[in-house]
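Written out below as structure tokens is the structure these notes cover.
Bear in mind the structure is a predicted one, so any value in this text is a computation, not a measurement. All heavy atoms count here, side chains included; hydrogens, waters and symmetry mates do not.
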Amino acid sequence: MTSVLFQVNVDPADFAEEPPLSVRDTSPPITNLRAVAILDAAEAEFSAHGFDGVTLRTIAQRAGVDVALPHYYFTSKDKLFVKVFERRAKELNAWREAALNDALEAAHPRAPTVEAIVRAYLEPLLKGAHLADPGWKNYYALIAYVNNTPGWGGRLMATHFDPLIRKFLDALRLAMPGMQEQDLFWGYHCLSGALTLAFAQTGRIDELSSGLVLSRDLDEACEHMARFMTGGFETSRRGAPAARAKPASAKLATRKAAKPARQKSTA
């Protein structure tokens, strides 16, 4: 396979010209108390047993509602699973998009550093008071399950997270002009995989380290991952040959204008 480079001069201010992704989803939140109880119960059950290991009856019993109500509110187990997954995704995206925009604005008119981008990707998820809520632990475990499950992963992760991830990839292009596209995407693959494993909190690293490192310590995980992933991206960038692609116009009005170039580079 021939290595292809992507190089384009994008002004960080271009990112601010788009409305935040987090406000584009206008679907109203579910507020009915029984429906919320069903979502909470389903989140806990799916995160612990996966999609196939859970029944609507089990979810109803855990929620303390009539066994007919999960079907009444959500019509099927598949649709309930999707609702559980998307319920917190919008909030996660809002936190991360705000952190990315802050990094871009702080660096303007220069490009942000790789570490600033990586931290914008990790810190809103791995640090904060929300981690004390057992519901978030269940949701993170559910993301880990979905991201490693063929079928669900390709559909749900792409639908709810890929639009924002493309903004992060564009920001990394700003920080590392001339980086090979293959290195960029494999680098992101490693970053996403490490985050998914942190979400799972399996306890395996606890055993391997004889308690020196704890998988539940997401704050510490964030610090180590941020440094390690930044080093990986920067090492790949330094190892790339000089950019051969001609730069595009000095400024792109929107990310949409850059889309054909990105598609061509990954063909």
Side-chain angles (χ1 to χ4, degrees), residues 22 40 43-44 46-48 50 84-85 87-107 112-149 153 156-157 160-162 164-165 167-169 171-172 175-176 183-238:
S22 57
D40 289 342
E43 185 176 64
F46 286 138
S47 68
V84 168
F85 188 84
R87 179 172 58 151
R88 299 185 196 264
K90 182 178 179 180
E91 195 167 5
L92 287 186
N93 283 334
W95 294 342
R96 239 180 353 188
E97 186 172 26
L100 176 60
N101 287 337
D102 286 346
L104 289 162
E105 291 170 7
T113 65
V114 174
E115 183 172 359
I117 298 166
V118 171
R119 286 188 175 276
Y121 178 88
L122 294 173
E123 287 185 351
L125 280 59
L126 299 180
K127 298 186 177 187
H130 70 284
L131 296 175
D133 180 354
W136 278 103
K137 181 176 181 179
N138 291 336
Y139 184 69
Y140 281 177
L142 183 64
I143 291 179
Y145 166 76
V146 168
N147 204 27
N148 288 281
T149 303
L156 292 181
M157 297 299 291
H160 296 290
F161 293 117
D162 280 8
L164 180 57
I165 296 309
K167 293 188 71 171
F168 273 93
L169 292 171
L172 287 168
M176 300 179 292
D183 288 337
L184 176 67
F185 284 106
W186 280 118
Y188 173 73
H189 189 71
C190 293
L191 176 59
S192 176
L195 178 62
T196 297
L197 186 57
F199 278 169
Q201 298 182 54
T202 63
R204 185 184 178 206
I205 196 171
D206 308 45
E207 295 294 330
L208 287 171
S209 67
S210 299
L212 180 65
V213 177
L214 302 177
S215 63
R216 67 173 181 270
D217 191 346
L218 297 184
D219 189 296
E220 183 178 355
C222 181
E223 289 302 312
H224 285 275
M225 289 167 60
R227 293 194 298 269
F228 191 85
M229 294 301 170
T230 296
F233 276 118
E234 291 178 341
T235 298
S236 295
R237 169 67 182 93
R238 287 194 297 269

For Arg216, does the CZ atom sit with more than 12 other heavy atoms under 6.0 Å from it, leaving out its own atoms? no
Least distance between heavy atoms, Leu169 atom then Tyr188 atom: CD2-CB, 3.9 Å
Side-chain heavy-atom pair Asn101, Lys167 within 4.5 angstrom cut-off: yes
Taking all heavy atoms of Ala44 and all of Asn138, pick out the closest pair and write down the distance. CB-ND2, 3.6 Å
Value for CZ (Phe199) from OG (Ser47), rounded to nearest 0.5 Å, stands at 13.0 Å
Look at the side chain of Tyr140 and the backbone N and O of Ala200, then say whether any donor-acceptor pair between them is shorter than 3.5 Å. no
Polar side-chain atom of Asn93 near backbone of His160 as donor-acceptor pair, under 3.5 Å: yes
Do you know which of Leu172, Leu100, Ile117, Asp102 makes side-chain contact (heavy atoms from CB on, under 4.5 Å) with Pro112? Ile117
Of all the heavy-atom pairs spanning Phe161 and Ala89, show the shortest one and how long it is. CZ-CB, 3.8 Å
Is Glu223 paired with Lys127 through a side-chain N to carboxylate O contact shorter than 4.0 Å? yes
Do Leu92 and Tyr139 make a side-chain contact, defined as non-hydrogen atoms from C-beta onward lying under 4.5 Å apart? yes
Are the side chains of Ser192 and Tyr121 in contact, using a 4.5 Å heavy-atom criterion? yes
Can you name the nearest heavy-atom pair linking Cys222 to Glu123, along with the distance? SG-CG, 3.6 Å
If you measure from CG on Leu125 to CG on Leu218, what distance do you get to the nearest 0.5 Å? 9.5 Å
Does any part of the side chain of Trp95, heavy atoms only, come nearer than 4.5 Å to the side chain of His130, both counted from C-beta? yes
Less than 4.5 Å apart, side chain to side chain, heavy atoms only: is that true for Met225 and Leu126? yes
CZ of Phe85 to CD1 of Ile143, rounded to nearest 0.5 Å, is 5.5 Å
In this structure, CG of Asp217 is separated from CD of Gln201 (nearest 0.5 Å) by 9.5 Å
Would you say that Ile165 contacts Met157 through its side chain, given a criterion of any heavy-atom pair below 4.5 Å between the two side chains? no
Which residues satisfy the side-chain contact (heavy atoms from CB on, under 4.5 Å) test with Leu208, sequence neighbours excluded? Arg204
Any donor-acceptor pair under 3.5 Å linking the side chain of Ser215 with the backbone of Gly203? yes
For a quick test of reading the model, state the closest non-hydrogen atom pair linking Ala226 to Val118 and the distance between them. CA-CG1, 3.9 Å
Distance, nearest 0.5 Å, that separates OG1 of Thr202 from CD of Glu207: 10.0 Å
Could you tell me whether the side chain of Phe46 reaches within less than 4.5 Å of the side chain of Val146, counting heavy atoms only? no
Atom pair CG/CG of Asn148 and Leu197 - distance to nearest 0.5 Å: 8.5 Å
